[in-house]
Protein chains: 2
Amino acid sequence: MGERTDLVADIIDDIRRVFQVVNEHSKDVERRTGITGPQLWAIKTIAEGAPIMVSDIAARMHLHAATVVGILDRLESRGLARRVRSQEDRRVVRVELTGQGERLVKKAPEVAQGLLVAGLERLHTKNLKSIAASLDQLVDILGAQGIPPKLILSPEVNKPVRQTRRTAK
Amino acid sequence: MGERTDLVADIIDDIRRVFQVVNEHSKDVERRTGITGPQLWAIKTIAEGAPIMVSDIAARMHLHAATVVGILDRLESRGLARRVRSQEDRRVVRVELTGQGERLVKKAPEVAQGLLVAGLERLHTKNLKSIAASLDQLVDILGAQGIPPKLILSPEVNKPVRQTRRTAK
DNA sequence: TGGTATTAGTTTGTACACAAACTATTGCTC
DNA sequence: GAGCAATAGTTTGTGTACAAACTAATACCA
């Protein structure tokens, strides 16, 4: 039972390391740009889809709308983004970047994923396949099939799919 | 550039899925036990080391002491844990579980990792080796060598190692 | 057309998570 | 043994993150 247990422990440790590096990188971004990781992510999301609805930002970032409202408040108070109430449908708010916001997004570093992408692209195709297969197995184990995929990397395919919330009351 | 790009995107997606499943599981724990994932994790950490110092809890959970203080406040107000000021060194606070806390820890589900561990242990050794190798590559890419590993799974080896903090002032 | 359901966004309340500042205590040094 | 450094824990302030309740506007439908 020794070798197998060690392997399992190694795998868990590796996963935790990946988590931590992504978090560390986020703090690094904050030191370099003055805004936080989520804020930068939001700015990049806005830049890609402007003018974009609040709920679309939430969907693309896989966040709750209430969370996005807070992030937008802070971006707006820093003069990086701007909310514009739609005239056709007055429930809708469209978000766009200010000139300052656009300048920042141009010279800002990559979001956490960029780090991974850059590193992976340097590997051989054979390696990539093996890594992809391994992660697929992890995902299978976790029964994560129903989880919404995608993110920034694939601009299409980005539905919410998260209505499966119920209360325990 | 097509196939490689797709592979990279798949890998990133898988990583995000693993993140999400761990988070979902944490919410599931909350629905079933009434306490949050971090609180349950803290309780298990206390159960393993009681009576245990606040700073030791922080080290084992890789959290900031200030964060642990908040979690302990909530555990204490729910009658699950108890703070005892040490008599030998009056700076020290030792934390232990109440009877209710001990009952809860006995019948509580596994922390997020448990889910992964259980699934991995069902795989063949060959598979485990391949997954471990793939994750090692990811960790290499991220340059995560210096990151402190470990967690609950290996009771030994659990030093803080996080003094590399500096301000960006 | 009047009423109900749905949708978009916001507000409120709770829980992390961390840095920095602060208090109390202990250790160390001259 | 007085004074300063180090240590343990807490407090304060900021920023996520989400559920639930709420407001305003639009859509649907009988």
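Per chain, numbering begins at 1; letters A, B, ... match sequence-line order.
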Looking at [Y], is its backbone amide N or carbonyl O close enough to the side chain of [X] to form a donor-acceptor pair, meaning the two atoms are under 3.5 Å apart?
X	Y	result
A:His124	A:Lys126	no
B:Thr45	B:Ile57	no
B:Thr33	B:Ala108	no

*Enumerate the residue pairs fulfilling side-chain hydrogen bond (donor to acceptor under 3.5 Å, both in side chains) with a member in residues 65-81 of chain B, sequence neighbours excluded, ordered by first and then second residue.*
B:Asp73-B:Arg83, B:Glu76-B:Arg83
*asked:* Listing request: all salt bridge (Lys or Arg N to Asp or Glu O under 4.0 Å) pairs with a residue in residues 93-109 of chain B, at least two apart in sequence or in separate chains.
replied: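 Every salt bridge (Lys or Arg N to Asp or Glu O under 4.0 Å) pair that includes a residue of residues 93-109 of chain B, provided the two are not neighbours, is B:Arg82-B:Glu96.
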*Name all residues meeting the side-chain contact (heavy atoms from CB on, under 4.5 Å) criterion together with A:Arg90; count only those two or more places apart in sequence or in a different chain, and write none if there are none.*
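Checked A:Arg90 against side-chain contact (heavy atoms from CB on, under 4.5 Å); matches are A:Arg85, A:Gln87.
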*asked:* OP1 or OP2 of C:dG9 versus the side-chain N and O atoms of A:Ser55: is any pair under 4.0 Å?
replied: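 Answer is yes, contact under 4.0 Å.
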_side chain to side chain contact (heavy atoms under 4.5 Å, CB included), that's the test. Do B:Leu72 and B:Ile46 meet it? Break it down for me._
CA-CA 10 Å; B:Leu72 290 181; B:Ile46 296 166; 4.0 Å; yes
Just the atom pairs and distances: protein N or O near nucleotides 5-7 of chain D's N or O, under 3.5 Å.
{"from": "D:dT7", "atom 1": "O2", "to": "B:Arg91", "atom 2": "NH1", "distance (Å)": "3.1"}

Expressed in angstrom and rounded to an integer, what is the separation of [X] atom [atom1] from [N] atom [atom2]?
X	N	atom1	atom2	answer
A:Met53	D:dA25	CE	P	15 Å
A:Gln87	D:dT26	CD	P	10 Å
A:Arg90	C:dG9	CZ	P	13 Å

*asked:* Judged by each residue's nearest nucleotide on DNA chain D, which is more toward the 5′ side, B:Arg94 or A:Glu88?
replied: B:Arg94
*Comparing A:Asp89 and B:Val92 on DNA chain D - which has the more 5′ nearest nucleotide*: B:Val92
*Apart from B:Val92 itself, what residues make up its hydrophobic cluster when side-chain heavy atoms of I, L, V, M, F, W and Y under 4.5 Å apart count as a link, directly or indirectly?*
B:Met53
*What one-letter contact string describes nucleotides 10-17 of chain C from 5' to 3', where B marks a base within less than 4.0 Å of any protein heavy atom, S marks contact via sugar-phosphate atoms alone, and - marks no contact?*
BB---SSB
